[in-house]
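By convention in this document, chain letters (A, B, ...) are assigned in the order of the sequence lines, proteins followed by strands, and residues within each chain are numbered from 1.
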Amino acid sequence: MIDIKFPDGTVRQYNKGINSMEIATSISEGLARNVLSAKFNGKVQDALLPINESGEIQLLTWNDEEGKATMWHSSAHLLAEAIEQLYPGTKFGIGPNIENGFYYDMDLGETVITLDDLVIIEKKMIELIQQKQNFIRSQVTKTAALEYFTKKGDEYKVELITDLPDGEITFYKCGEFTDLCRGPHLPNTAQIKAIKLLSVAGAYWRGDEKRKQLTRIYGITFPKKALLDEYLAFLEEAKKRDHRKLGKELELFTFSNRVGLGLPLWLPKGAQLRQRLEDYLKKVQKEAGYLPVITPHIGSKELYVTSGHYAKYGADSFRPITTPNEGEVFMLKPMNCPHHCEIYRSSPKSYRDLPYRLAEFGTVYRYEQSGELHGLTRVRSFTQDDAHIFCSAEQVKDEFKSVIDIVLRIFTALDFKNFITQISVRDPKTPEKYIGSDENWEKAEREIIEVAQEKGLEYIVVEGEAAFYGPKMDFMVRDAIGRKWQLGTIQVDYNLPERFDLDYVGADNQKHRPVMIHRAPFGSMERFVAVLIEHCAGKFPLWLTPEQVKILPISEKYIDYAEKVLTYLNKYDIRALIDHRNEKTGRKIRDAELERVPYMIIVGEDEENNNNLSVRQQGGVDLGQMSMEDFASIISKEVEKMA
RNA sequence: GCUAUUGUAGCUCAGGGGUAGAGCACUUCCUUGGUAAGGAAGAGGUCAUGAGUUCAAAUCUCAUCAAUAGCUCCA
């Protein structure tokens, strides 16, 4: 007998060799139906794997992330099985579960899969589900595994196996399809009740753009049909929040091919919104001791050779600009830091001048690959809310912390709750990608991690994501569809001060090298606004929204009174407009709702006689009649609240 | 940049080898209204661009450009 301990602390005895599914059955049939896999002594495994020793068990269902992962991983196998039947001879790459579903990469030769084909593949998968196939686990030697896939002609699997360490290799067989796989898997395909293949795309084998591009099919499955419907409805809702769609509808920004790819044009309403964000940050920065500076949009090529940007990105930049007579070479500014270094150098600095904080809303230009451009989140011309803090080594941590405070203050003000703090460090395997000494890098990486701990931030550390001149702390936020975007960034840099030979005179009357902190709380105004739009679905906070109030006269007879109300509100800096159109009130309300105007004021005979207003809040809340004074004070208070 | 899909009116989309369609938006007129679409009339498009096939191309073919999804990249 073995002792099995459950998460609630109870212990039950079972015969040696029992599996998790049987354990579940011993508790209840209902539980057994829902078990997808199990965690035994901390390791996720098949529900049908025999258990031969005492230990702790957790039965995994759809409500556990690992349970979902098991279903999706098995679904990937099911997809491959369907593909193998429909397209014999297909070679398979990898087919993992992902955050929302799964994909499988495969080489279909000349065959092209279209969206129509996905429906056919789905049908085949449903057919296979109905056959109630078991996932059968087996262990083979590496030699036997290589032999199997060599014979099958699947060079991708052969490559994967070759890279595995010597020893036993696990196979899973589902129907006629056998795959190399660590598992775990579902006991049976019948546990999958709903399937949706979402998209088909190309993906480089092993993520290497020099290697062959395989066909990738994305899909998702559920243990209940209703859950699939729910998910599809969620995707539909997310589409409505897409900043590209809302940006057009709310007239915030546009693009024109006559101007160029990835070069955003801010429309009046979008520009207003952006300027309010900028003004807010300017105020915060003024309080925090930043000094505003302004630098040109181009800079001598030599400047970027000095900074190292030219060696790193020169080939991928917009082509340099050359003056007609002298033949001098300039680059479009891809970064503000070299310019700010030159500002630092413009006069001798003493330790008394530090920290020296230079801030600029600096527009930069980067040649992003055409396939990367995406609305406002990835563009070729964007404005960083950039600043560079030059400080002594002793000041780094305090400065870094106060920058974190600014980032968090902004995120709080805009209600960004679900952000991820990511610390990006070097990839030790590719030292050639970075400039500067190991010693400087280690110091900078250590300091960032210490600061994060001292500030009590929850963070993840990702190797290989550092900038070429230093490690960084990024604040990532998800868009409507769940894609992650980097917004705020803070970077510690010991390298550029050396390259630009920056110094200051210390209290000891000796020259010292300052440390630089690059930071941008919004990151880029373009990307930040994009994510903000998706976060609030176009319903901006009152202090930011371009149009706060729409005045709706019941009929043309009350336009004069509406004008009087407008004049009053303007005195309080309330942004209001009158809907002069010859339309019924219901229509004016509908259009104001679609424009996401936070407050609608309705004025007609009653209001004119009482010298007051009827107020409707966005979304249909009727606040009733009130005086102009009261209304102005409600608005002013709500606006002040955020500061 | 790569793979796939898409490109028809300002917007959302239907159609499809033989005279270009709808709804919304727009203009004018009627209507003067009470919390999410009042009524009528009108105007608006070389069907992304270029070539090819054809008696005839918006429709079929190819190329180019652009958008979308994903991959790769992201100072």
Side-chain angles (χ1 to χ4, degrees), chain A residues 103 105 108 112-117 198-218 239 242 244-245 248-249 251 254-257 261 304 307-314 316-317 333-338 364-375 377-380 382 384 386 433 435 465-470 472 481 483 485-486 489 491 493 496 518 520 524 527 552-559 582-594 600-607 614-625:
Chain A
Y103 66 78
D105 284 349
L108 288 139
V112 171
I113 302 280
T114 65
L115 289 176
D116 295 336
D117 296 327
L198 295 162
S199 63
V200 51
Y204 299 109
W205 171 234
R206 303 197 119 178
D208 184 344
E209 65 178 325
K210 291 184 194 71
R211 305 197 65 178
K212 187 163 179 179
Q213 202 163 49
L214 307 179
T215 302
R216 172 175 297 181
I217 296 178
Y218 284 91
K239 262 193 222 162
D242 190 313
R244 292 165 300 183
K245 184 175 155 66
K248 197 182 275 178
E249 286 173 8
E251 300 175 328
T254 190
F255 289 89
S256 159
N257 288 329
L261 294 193
Y304 302 106
S307 71
H309 287 96
Y310 188 79
K312 180 80 180 162
Y313 295 105
D316 302 323
S317 295
K333 176 166 76 173
M335 285 294 286
N336 302 302
C337 33
V364 296
Y365 303 87
R366 298 179 184 174
Y367 174 78
E368 304 287 2
Q369 299 183 106
S370 60
E372 267 315 322
L373 300 172
H374 182 95
T377 48
R378 196 79 185 268
V379 286
R380 287 178 171 171
F382 59 95
Q384 295 178 314
D386 212 357
K433 283 166 70 178
I435 59 168
E465 290 293 307
F468 72 92
Y469 49 76
K472 52 183 186 162
I481 329 170
R483 284 182 285 218
W485 296 100
Q486 176 202 313
T489 181
Q491 310 174 359
D493 182 0
L496 287 189
H518 308 240
S524 104
R527 180 176 289 177
L552 314 178
I554 293 285
S555 84
E556 286 171 359
K557 286 189 240 160
Y558 310 105
I559 286 184
N582 179 6
E583 291 290 350
K584 289 191 163 186
T585 311
R587 178 52 175 278
K588 291 180 181 178
I589 287 171
R590 176 185 152 81
D591 289 345
E593 285 284 352
L594 290 176
M600 283 149 254
I601 285 179
I602 293 143
V603 289
E605 196 178 350
D606 286 358
E607 290 77 9
S614 285
V615 182
R616 177 194 160 110
Q617 212 169 9
Q618 183 187 51
V621 184
D622 189 350
L623 300 182
Q625 293 198 6

Determine which nucleotide pairs with [N], using a 3.5 Å limit on both distances of a Watson-Crick or G-U wobble pair.
{"N": "B:U32", "result": "none"}
{"N": "B:A20", "result": "none"}
{"N": "B:G70", "result": "B:C2"}
{"N": "B:U27", "result": "B:A41"}
{"N": "B:A63", "result": "B:U49"}
{"N": "B:A56", "result": "none"}

Over all strands shown, is [X] touching base, sugar-phosphate only, or nothing at heavy-atom distances under 4.0 angstrom?
{"X": "A:Q486", "answer": "nothing"}
{"X": "A:S307", "answer": "nothing"}
{"X": "A:Y103", "answer": "nothing"}
{"X": "A:G620", "answer": "nothing"}
{"X": "A:L261", "answer": "sugar-phosphate"}
{"X": "A:R216", "answer": "sugar-phosphate"}
{"X": "A:G586", "answer": "sugar-phosphate"}
{"X": "A:Q625", "answer": "nothing"}
{"X": "A:D606", "answer": "base"}

* Asked: If each of A:K248 and A:K433 is mapped to the nucleotide of RNA chain B with the nearest heavy atom, which maps nearer the 5' terminus, i.e. the 5' end?
  ->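 By nearest-heavy-atom nucleotide position, the 5'-most residue is A:K248.
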* Asked: Toward the 5' end of RNA chain B, which comes first, A:A201 or A:T215, by nearest nucleotide?
  ->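 With A:A201 and A:T215 compared, the 5'-side residue is A:T215.
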Side chain of [X] only, please: which of [options] is the nearest?
{"X": "A:R378", "options": "B:G34, B:C73, B:U5", "result": "B:C73"}
{"X": "A:R366", "options": "B:U32, B:C74, B:G1", "result": "B:C74"}
{"X": "A:T585", "options": "B:G38, B:G34, B:C74", "result": "B:G34"}
{"X": "A:Q369", "options": "B:C73, B:G34, B:A75", "result": "B:C73"}
{"X": "A:I589", "options": "B:A36, B:C30, B:A75", "result": "B:A36"}
{"X": "A:S555", "options": "B:U32, B:A75, B:G38", "result": "B:U32"}
{"X": "A:Y204", "options": "B:G1, B:G38, B:U31", "result": "B:G1"}
{"X": "A:L594", "options": "B:G33, B:U5, B:A36", "result": "B:A36"}

Do the side chain of [X] and the base of [N] come within less than 3.5 angstrom through a donor-acceptor pair of N or O atoms?
{"X": "A:N582", "N": "B:G33", "answer": "yes"}
{"X": "A:E607", "N": "B:G34", "answer": "yes"}
{"X": "A:Q213", "N": "B:C2", "answer": "yes"}

Rounded to the Å, how far apart are [X] [atom1] and [N] [atom2]?
{"X": "A:R380", "N": "B:A66", "atom1": "CZ", "atom2": "C1'", "value": "12 Å"}
{"X": "A:I113", "N": "B:C71", "atom1": "CD1", "atom2": "P", "value": "18 Å"}
{"X": "A:L108", "N": "B:U3", "atom1": "CG", "atom2": "P", "value": "16 Å"}
{"X": "A:N257", "N": "B:A67", "atom1": "CG", "atom2": "C1'", "value": "9 Å"}
{"X": "A:I601", "N": "B:G34", "atom1": "CD1", "atom2": "C1'", "value": "15 Å"}
{"X": "A:L552", "N": "B:A36", "atom1": "CG", "atom2": "P", "value": "11 Å"}
{"X": "A:I554", "N": "B:G38", "atom1": "CD1", "atom2": "P", "value": "13 Å"}

* To do: Answer yes or no for this row: A:Y313 ring on B:A75 base, centroids under 5.5 Å, planes under 30°.
  =>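 Stack criterion met.
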Looking at [X], does any N or O in its side chain come under 4.0 Å of the phosphate oxygens OP1/OP2 on [N]?
{"X": "A:S370", "N": "B:G1", "answer": "yes"}
{"X": "A:H374", "N": "B:A69", "answer": "yes"}
{"X": "A:R483", "N": "B:A69", "answer": "yes"}
{"X": "A:R527", "N": "B:C74", "answer": "no"}
{"X": "A:K557", "N": "B:G33", "answer": "yes"}
{"X": "A:R244", "N": "B:A69", "answer": "yes"}
{"X": "A:K212", "N": "B:C2", "answer": "no"}

* Asked: Should A:Y367 and A:R380 count as side-chain neighbours, where that means a heavy-atom distance under 4.5 Å?
  ->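 Counting from C-beta outward, A:Y367 and A:R380 do come under 4.5 Å.
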Using the [atom1] atom on both, measure [N] against [M] and round to a whole Å.
{"N": "B:A4", "M": "B:G21", "atom1": "P", "result": "35 Å"}
{"N": "B:C24", "M": "B:G44", "atom1": "C1'", "result": "14 Å"}
{"N": "B:G39", "M": "B:U31", "atom1": "P", "result": "16 Å"}
{"N": "B:C62", "M": "B:A69", "atom1": "P", "result": "25 Å"}
{"N": "B:A48", "M": "B:A9", "atom1": "P", "result": "8 Å"}
{"N": "B:G45", "M": "B:C13", "atom1": "C1'", "result": "15 Å"}

Hey, is the main chain of [Y] close enough, under 3.5 Å, to the side chain of [X] for a donor-acceptor pair?
{"X": "A:D242", "Y": "A:K239", "value": "no"}
{"X": "A:K588", "Y": "A:P553", "value": "yes"}
{"X": "A:R378", "Y": "A:L373", "value": "no"}

* To do: Could you tell me how the ring of A:Y469 sits relative to the ring of A:H518: parallel (under 30°), tilted (30 to 60°) or perpendicular (over 60°)?
  =>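 Parallel.
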Considering non-hydrogen atoms only, spot the tightest contact between [X] and [Y] and give its length.
{"X": "A:Y304", "Y": "A:K333", "answer": "OH-CA, 3.5 Å"}
{"X": "A:G375", "Y": "A:F255", "answer": "O-CZ, 3.3 Å"}
{"X": "A:R244", "Y": "A:R483", "answer": "NH2-NH2, 4.1 Å"}

* **Result of checking A:D622, A:I589, A:V615 against A:I602 for side-chain contact (heavy atoms from CB on, under 4.5 Å)** =>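 So the option named by the test is A:I589.
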